[in-house]
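Order of the sequence lines fixes the chain letters, A, B, ..., with proteins taken first and strands second; residue numbering starts at 1 for each chain.
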Protein chains: 2
Amino acid sequence: MESEELRNVGLKVTTPRLKILSLLESAKAKHMTAETIYRQLSESGEVIGLATVYRALAQFEAAGLITRHQFEGGQTVFELERGPHHDHIVCVRCGRVEEFYDKVIEDRQREIAEKLGFTLSDHALTLYGECSGGACPAKNG
Amino acid sequence: MESEELRNVGLKVTTPRLKILSLLESAKAKHMTAETIYRQLSESGEVIGLATVYRALAQFEAAGLITRHQFEGGQTVFELERGPHHDHIVCVRCGRVEEFYDKVIEDRQREIAEKLGFTLSDHALTLYGECSGGACPAKNG
DNA sequence: TTCGCAAGTGAGAATGGTTCTCACTGTACA
DNA sequence: TGTACAGTGAGAACCATTCTCACTTGCGAA
């Protein structure tokens with residue numbers, strides 16, 4: 001239940017937070033922008049300010065419930081934190097996002113940081129390309 | 001000579017473009033924001049509009065003279081395109097940027113994209129961490 | 001259950017980085 | 001050298017995000 005999740009991370013249980021969290025959990029698109037979340041809530045009749053969406057997302061992120069990804073072209077998306085770590089590949093034509101995990105790359109990153117004298121705290125790996133054939137809606141138009 | 005470089009990529013040779021390009025070539029910091037470039041030019045007495053800086057950077061990027069990197073926290077930096085491809089590691093405390101290249105990672109990326117049905121056109125790999133000890137100015141204050 | 005108040009909220013203003021507009025200027029080819 | 005047209009500077013516009021502020025709500029204490 002979503003209210004549990006909120007309580008567990010020390011956030012007050014409020015209607016806007018519940019709506020946002022449950023939208024993130026039920027949405028077909030795993031990666032959503034603040035704007036998208038706001039629009040979808042509005043369309044389903046919820047009156048939730050855009051500022052509240054941003055506030056809630058920032059809190060969820062701080063609490064570790066969701067992750068923020070900043071792709072090129074300025075788009076910032078949020079994704080529910082579930083399942084193991086992974087990176088992303090984004091179609092530059094249709095914007096579709098796929099996830100992947102590669103142990104070899106993860107290990108190399110840690111080694112590289114160490115070798116350069118850094119304590120690795122995070123990383124962002126995003127591949128950009130065109131998804132193939134019929135899978136890419138932008139290619140069929 | 002910078003005017004050659006501009007002509008070579010089909011750009012008119014103008015004073016602002018020459019100043020910006022030569023600043024990029026002479027600057028101690030390899031990675032500069034548009035704002036930084038604008039400020040440094042202003043401080044050395046050049047009257048060049050911020051809009052012109054952005055325009056020139058966009059053209060240089062399109063022409064392949066420079067590369068744009070979008071790190072987290074919103075900072076967008078530009079870097080002269082010279083030498084082979086590399087990725088970045090950014091100190092989350094002092095903002096220092098180091099470069100690295102790792103063939104293993106490069107190869108894996110291509111394999112992964114292929115396996116997922118994407119034609120890889122670009123990628124962004126940035127590691128975030130804290131640089132160690134005395135090297136990090138932010139740690140000594 | 002009700003109360004009190006700190007925390008949360010919505011609307012709209014403010015912000016900050018980037019791009020656009022427009023009248024003026026400078027480059028480069030004839 | 002003249003001229004057409006790309007380039008420029010200043011400031012307005014834009015867009016995503018954050019802040020402000022008066023009002024509302026969740027929730028521990030009574």
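A continuous path of hydrophobic side-chain contacts links A/I112 to B/I112 [ILVMFWY only; heavy atoms under 4.5 Å]. Clustering ILVMFWY residues whenever any of their side-chain heavy atoms sit less than 4.5 angstrom apart, transitively, puts B/F100 in a cluster other than the one holding B/V92.
When the P atom of D/dG7 is taken as reference, atom CG of B/L57 falls 15 Å away, rounded to whole Å. Taking atom CG of A/L41 as the reference point, atom P of C/dA11 lies 13 Å away to the nearest angstrom. Atoms CD (B/E35) and P (C/dT19) sit 13 Å apart, rounded to a whole Å. Atom CG of B/L6 and atom C1' of D/dG7 are 13 Å apart (whole Å). Whole-Å rounding puts the B/Q59 CD to D/dT8 C1' distance at 11 Å. D/dA16 atom C1' lies 11 Å from atom CD of A/Q70, rounded to whole Å. The nearest whole Å value for the distance from the NZ atom in B/K19 to the C1' atom in D/dG9 is 17 Å. Here C/dG17 presents its P atom at 17 Å from CZ of B/F71, a figure rounded to the nearest Å.
You won't find any donor-acceptor pair under 3.5 Å spanning the side chain of A/R17 and the base of D/dG26, going by distance alone.
Here A/T33 lies out of heavy-atom contact (under 4.0 Å) with every strand. At a threshold of 4.0 angstrom between heavy atoms, the contacts of A/T14 are confined to the sugar-phosphate backbone, with no base atom among them.
In this structure, B/Y54 reaches the C/dT18 phosphate: one of its side-chain N or O atoms is under 4.0 Å from OP1 or OP2. Put simply, A/T76 has a side-chain N or O that comes within less than 4.0 Å of OP1 or OP2 on D/dT17.
Salt bridge A/K103/A/E106: absent, no basic N to carboxylate O contact under 4.0 Å.
For the pair B/I48 and A/Q75, nearest-nucleotide mapping onto DNA chain D gives the more 5' position to B/I48. With the nearest nucleotide of DNA chain C identified for both A/R55 and A/K12, A/K12 has the one nearer the 5' end. Nearest-nucleotide positions on DNA chain C for A/A51 and A/G10 put A/G10 closer to the 5' end. Heavy-atom nearest nucleotides on DNA chain D were determined for A/F78 and for B/L50, and the one closer to the 5' end corresponds to B/L50.
Partner of A/T67 under the side chain to side chain donor-acceptor pair (under 3.5 Å) criterion, chosen from A/E81, A/E79, A/H86: A/E81.
For A/V47, the listed nucleotide lying nearest its side chain is C/dA11; candidates were C/dA11, D/dA16, C/dA28.
Note that OH of A/Y38 and CD1 of A/I20 are 11.5 Å apart. Values are rounded to the nearest 0.5 Å.
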